[in-house]
**Q** 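Below you'll find the structure I mean.
Remember, it's 1-based here, ligands and their atoms both numbered in the order they're listed. This chain uses plain numbering: 1 for the first residue, then up along the sequence. The model shown is predicted, which means the values in this text are computed figures rather than measured ones.
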Amino acid sequence: IEDCLRLRTGCAQIDDLTRGGFRFKMINEVYGEAGVGKTQLCLQLAVAVQMPPISGAAFYVCTDKSFPANRLLELSLSVPSAFGLSGDESLMDKVFVEHSMDFIALRRLLFVKLPKLLENVRISLVVIDSIAAIFRSEDIKYLERSKEIDDICRQLNHLARTHNLVVVCVNQVTDDPNSDTSGPSLGNAWANYVVCRFLIERDWTNGIRRFRVVNAPYLKPDACRFIITQSGLH
Ligand code: ATP
């Protein structure tokens with residue numbers, strides 16, 4: 001089942017750990033506490049996907065914060081050096097940014113806008129940052145939420161397979177007062193669709209973070225360390 005093409009992040013440790021980066025045609029999840037660097041990783045992927053041999057564009061859905069365009073600019077100038085190329089602000093033009101505050105808006109993006117865009121633009125990466133924010137509202141009943149998660153995930157899988165996309169969904173951690181371990185949000189309704197699950201966590205030492213393979217069919221559970229600087233993940 002191994003596909004040889006992967007989306008490299010450009011961070012050597014993470015690319016080694018994942019045996020070449022993120023896989024196509026499936027849902028990848030990156031979860032972790034606030035501020036650990038989930039968005040930084042996704043922005044870096046949005047630049048990295050434009051590098052050869054993939055040379056594709058990115059579709060980036062922001063759900064709970066404004067899009068950090070300045071940070072994308074910094075990364076557009078610096079990340080290509082990890083691929084032996086020089087950076088360029090025009091890389092920002094190939095990141096199609098959308099905002100969606102709720103399930104209905106996300107649905108419209110995934111069922112209408114993205115399929116239309118895919119007819120004209122070779123998108124290779126879809127990021128949802130974050131999926132948890134969409135389903136956080138306490139007004140949604142459990143069953144209703146499961147059905148909504150189901151709809152979104154089926155469509156993501158369909159698009160990922162038919163258009164050869166890497167799908168990366170950012171997730172938050174639950175704060176379950178009855179449990180001493182905190183896991184990814186959204187429970188089984190969501191977890192059933194996630195093929196590769198990665199965790200970003202802080203290390204003990206200042207500024208050092210850890211990227212952990214929690215679950216992936218082709219990788220053993222393991223972790224590596226990295227830092228975030230102005231020029232990205234290293
Ligand atoms: P949230 O769940 O709150 O959205 P997140 O996990 O997505 O958080 P990010 O926004 O990706 O977190 O990461 C923020 C972290 O990235 C901060 O800890 C910050 O120190 C680091 N960071 C951002 N820009 C830079 C930079 N230019 N240089 C160094 N570190 C940076």
Side-chain angles (χ1 to χ4, degrees), residues 7-15 17-18 21-22 27-49 58-82 87-89 91-92 95 97-102 105-106 125-137 166-176 181-187 190-191 194 196-214 223-234:
L7 170 54
R8 279 175 58 200
T9 63
C11 169
Q13 300 89 284
I14 296 178
D15 291 341
L17 185 78
T18 52
F22 283 69
I27 298 177
N28 297 270
E29 176 192 59
V30 175
Y31 76 99
E33 286 171 12
V36 287
K38 304 179 294 292
T39 297
Q40 300 299 316
L41 171 62
C42 293
L43 293 171
Q44 180 147 337
L45 286 173
V47 176
V49 75
F59 187 79
Y60 201 112
V61 182
C62 272
T63 65
D64 62 349
K65 53 186 179 189
S66 54
F67 183 75
N70 287 341
R71 188 65 182 129
L72 179 65
L73 174 59
E74 286 177 339
L75 295 173
S76 297
L77 299 177
S78 56
V79 169
S81 69
D88 186 336
E89 64 181 47
L91 296 173
M92 293 184 75
V95 182
V97 179
E98 296 287 347
H99 295 271
S100 101
M101 306 305 282
D102 56 25
L106 180 62
L125 170 70
V126 171
V127 174
I128 301 183
D129 183 3
S130 76
I131 191 81
I134 293 283
F135 297 106
R136 200 162 37 201
S137 162
V166 174
V167 174
V168 179
C169 296
V170 169
N171 197 1
Q172 279 136 15
V173 289
T174 50
D175 287 323
D176 182 354
T181 53
S182 51
S185 297
L186 302 179
W190 162 250
V194 174
C196 299
R197 175 159 262 179
F198 304 109
L199 167 66
I200 300 183
E201 51 192 357
R202 282 182 215 282
D203 211 315
W204 322 270
T205 343
N206 240 355
I208 297 185
R209 296 149 207 263
R210 251 190 320 236
F211 181 93
R212 183 178 292 283
V213 176
V214 176
C224 67
R225 294 175 174 194
F226 68 96
I227 54 166
I228 302 177
T229 69
Q230 191 176 352
S231 59
L233 278 59
H234 299 281

**Q** Quickly, which of Thr39, Asn171, Thr63 forms a side chain to side chain donor-acceptor pair (under 3.5 Å) with Asp129? Name it, please.
**A**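 When side chain to side chain donor-acceptor pair (under 3.5 Å) is applied between Asp129 and each of Thr39, Asn171, Thr63, only Thr39 qualifies.
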
**Q** Would you tabulate the polar-atom pairs, meaning N/O of ligand 1 against N/O of the protein, with distances under 3.5 Å, reported to 0.1 Å?
**A**
| unit_1 | atom_1 | unit_2 | atom_2 | d |
| --- | --- | --- | --- | --- |
| ligand 1 | 2 (O) | Lys38 | NZ | 2.8 |
| ligand 1 | 3 (O) | Gly35 | N | 3.4 |
| ligand 1 | 4 (O) | Lys65 | NZ | 2.3 |
| ligand 1 | 6 (O) | Val36 | N | 3.2 |
| ligand 1 | 6 (O) | Gly37 | N | 3.0 |
| ligand 1 | 6 (O) | Lys38 | N | 2.9 |
| ligand 1 | 6 (O) | Lys38 | NZ | 2.8 |
| ligand 1 | 7 (O) | Thr39 | N | 2.9 |
| ligand 1 | 7 (O) | Thr39 | OG1 | 2.8 |
| ligand 1 | 7 (O) | Lys65 | NZ | 3.3 |
| ligand 1 | 8 (O) | Gly35 | N | 2.7 |
| ligand 1 | 11 (O) | Lys38 | N | 3.3 |
| ligand 1 | 11 (O) | Thr39 | N | 2.9 |
| ligand 1 | 11 (O) | Gln40 | N | 2.8 |
| ligand 1 | 12 (O) | Gly37 | N | 3.2 |
| ligand 1 | 18 (O) | Gly35 | O | 3.2 |
| ligand 1 | 18 (O) | Arg209 | NH1 | 3.4 |
| ligand 1 | 18 (O) | Arg209 | NH2 | 3.1 |
| ligand 1 | 24 (N) | Arg71 | NE | 3.2 |
| ligand 1 | 27 (N) | Arg71 | NH1 | 3.4 |
| ligand 1 | 28 (N) | Gln230 | N | 3.3 |

**Q** Would a distance-only check, ignoring hydrogens and angles, find a side-chain to backbone donor-acceptor pair under 3.5 Å from Ser76 to Glu89?
**A** no

**Q** Answer yes or no: is there an ion pair linking Arg212 with Glu201, defined by an N-O contact shorter than 4.0 Å?
**A**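 Looking at Glu201 together with Arg212, the answer is yes, because their closest N to O distance falls below 4.0 Å.
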
**Q** Excluding sequence neighbours, so at least two apart, what forms side-chain contact (heavy atoms from CB on, under 4.5 Å) with Val173?
**A**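 Val173 satisfies side-chain contact (heavy atoms from CB on, under 4.5 Å) with Tyr31, Glu33, Ser182 only.
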
**Q** Applying ring-ring contact (aromatic ring centres under 6.0 Å, His included), name anything that partners Phe226, two or more places apart in sequence or on another chain.
**A**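 Counting only residues at least two positions away or on another chain, Phe226 forms no ring-ring contact (aromatic ring centres under 6.0 Å, His included).
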
**Q** Tell me the salt bridge (charged side-chain N to carboxylate O under 4.0 Å, His left out) pairs involving residues 225-234, sequence neighbours left out?
**A**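 Qualifying pairs, neighbours excluded: Asp203-Arg225.
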
